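Below is one structure, written out as C-alpha cells; comments come after it.
For the single chain, residues carry numbers from 1 onward in sequence order. Every number for a ligand or one of its atoms is a count from 1 in the order of the listing. In this text, all values refer to a predicted model and were calculated from it rather than measured experimentally.
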Amino acid sequence: MNPFAYSRVDAPDAAIHALLQNAKFLGGGTNLVDLMKYGVERPSTLVDINHIGLDKVQADANGATIGALVRNSDLANDPGIVANYPLLSHALLSGASAQLRNRATTGGNLMQRTRCYYFMDTAFPACNKRKPGSGCAALKGFNRIHAILGQSDEGSTSPHTCIATNPSDMNVALYALDAKVEVHGPKGKRTIPVRDFHRLPGDHPEQDTLLRPDELILSVTLPAAKFAKNSWYLKARDRQSYAFALVSVAAGLEMDGDRIKTAGLALGGVAHKPWRSAEAEHALEGKPATEETFEKAADAALAGAKGYEHNAFKVELAKQCVVRALMQASKGVQAS
Ligand code: SF4
C-alpha cells in the first residue's frame, strides 16, 4: 500500500475544505481500503468523515432522509424503513456480510466501484476504467459478471470500451424508489436524482458518477412510500451469501385492486449503473398483474441486451428474474 496522510474532521464544511487534490473521504472504508491495498486507489490523504454527524435516519410513509454515514445494517433494520420501504431493507440485507454491513455506509455504497477482475488487479495492464486509453481486458477475457446493457464496446461509438457493472444492491432499490442524493461542495448544495447520479461508461469509463471530486454526499432522500405493500428484491448469484449479483431485480408495485397503478423496476448486475427501464414500467402501469403483463415488461427491460462469451446467459436469466420478482411483488412483500 502507498503511504498516505490521515486527517480527521468534525463537520461537513470542514470535510469539504480538507479535500486537497488526490484526497479521498474515508467512511466505512470497506471498498476504498481494499482498493488501496491492491494499488488501484492511491490517495495522498484520507479525510476521515466518521465524526461529522450525518448518521441519522428519519423515515415514515411520507418520505425518508438517510444520512450519508448511516451504516447499511442500521438502515436495513430501521423500523421506519422496514415498515415503509421494505424493498430497500431487503436489498441491503442481501448484500455483503453482516460484518461488512455493520461498517459500510450509505454514501460509500453509492460510490462502490466495480468488481471487474481486470479493474481490481493491477497486473492486467488493459483497463480503461483504471487507466483511460489502455483497453479493456474483459471484452475478450472472462466476462461472466459483466454488462449486457448500456455498455461501451466494439459496437458502440466510444473508443473507450468498458463492460463493467455496478456491484451494489442498495443502489438498485434506490433506483426503483426514485431516491435523490443531496450533495455539498464549495459552490453550495445540490440535489441529484439517483437515476442520474451514476454514469454509463460512454467515452469516460473512469468516471463512475456525476459527483464532483470536491463534493461530499450529505444524504439520500426518498419520496412518499408507494410500494410498502407490494415489493420484492430478487438476487441471482453464484452462492447464497456474500456474493455479488449476476442479476438482481428491485420491483415495487402500487396496486389498485388487481391492476397496477404505478411501478418501480430496476435491475442490478447488468450495466454500469442500475438499469431502470421507463418502457418496462410503462408496460406495467394500468395493466392487470398477470404473468403475461410481467413477461412483456421483462422483454421491454431487456430490449437491446447483448451478452459476451461468458455472460450471454444473463439476458434470459434477467428476463426470468424480472418476471419472478414482479410475480412475488404482486403477492406482497418479503418477510423481515
Ligand atoms: Fe476495465 Fe471496464 Fe474493461 Fe473491466 S470492463 S477491464 S473495468 S474497462
(request) Provide, to 0.1 Å, the distance between atom 1 (Fe) of ligand 1 and the closest protein heavy atom, together with that atom's residue and name. (result) Cys127 SG, 2.3 Å

(message) Below 4.0 Å from ligand 1: does a non-hydrogen atom of Thr161 turn up there or not?
(response) yes

(request) Taking both backbone and side-chain atoms into account, decide whether Cys136 has an N/O/S atom under 2.8 Å from atom 3 (Fe) of ligand 1. (result) yes

(message) Under the side-chain contact (heavy atoms from CB on, under 4.5 Å) test against Asn230, which residue among Gln328, Met255, Lys331 passes?
(response) Met255

(request) Could you check atom 4 (Fe) of ligand 1 against the protein and tell me its nearest heavy-atom contact, residue, atom and distance included? (result) Cys116 SG, 2.3 Å

(message) Under 4.0 Å between a side-chain nitrogen and a carboxylate oxygen: does that hold for Glu154 and Lys140?
(response) yes

(request) Would you mind telling me if ligand 1 is within reach of the side chain of Ala164, the backbone, both or neither, using heavy atoms under 4.0 Å? (result) both

(message) Can you tell whether the side chains of Lys306 and Asp153 come within less than 4.0 Å, N to carboxylate O?
(response) yes

(request) Among all protein heavy atoms, pick out the one at the shortest distance from atom 8 (S) of ligand 1; state its residue, atom name and that distance to 0.1 Å. (result) Asn128 N, 3.3 Å

(message) Starting from atom 5 (S) of ligand 1, what is the nearest protein heavy atom, named by residue and atom, and what distance separates them?
(response) Ile163 N, 3.2 Å

(message) Tell me whether Lys235 is salt-bridged to Asp169, with the criterion being a basic N under 4.0 Å from an acidic carboxylate O.
(response) yes

(request) Report the nearest protein non-hydrogen atom to atom 2 (Fe) of ligand 1: residue, atom name, distance rounded to 0.1 Å. (result) Cys162 SG, 2.4 Å

(message) Less than 4.0 angstrom from a charged side-chain N to a carboxylate O is my criterion; do Asp78 and Arg71 meet it?
(response) no

(message) Which of the numbered atoms in ligand 1 are under 4.0 angstrom from any heavy atom belonging to Phe119?
(response) 7 (S)

(message) I need the atoms of ligand 1 closer than 4.0 Å to a non-hydrogen atom of Tyr118, numbered in the order shown.
(response) 6 (S)

(request) Look at Arg276 together with Glu281 and state whether they make a salt bridge at an N to O cut-off of under 4.0 Å. (result) yes

(message) Whether Glu41 and Arg113 form a salt bridge (side-chain N of Lys/Arg under 4.0 Å from carboxylate O of Asp/Glu) is what I want to check.
(response) yes

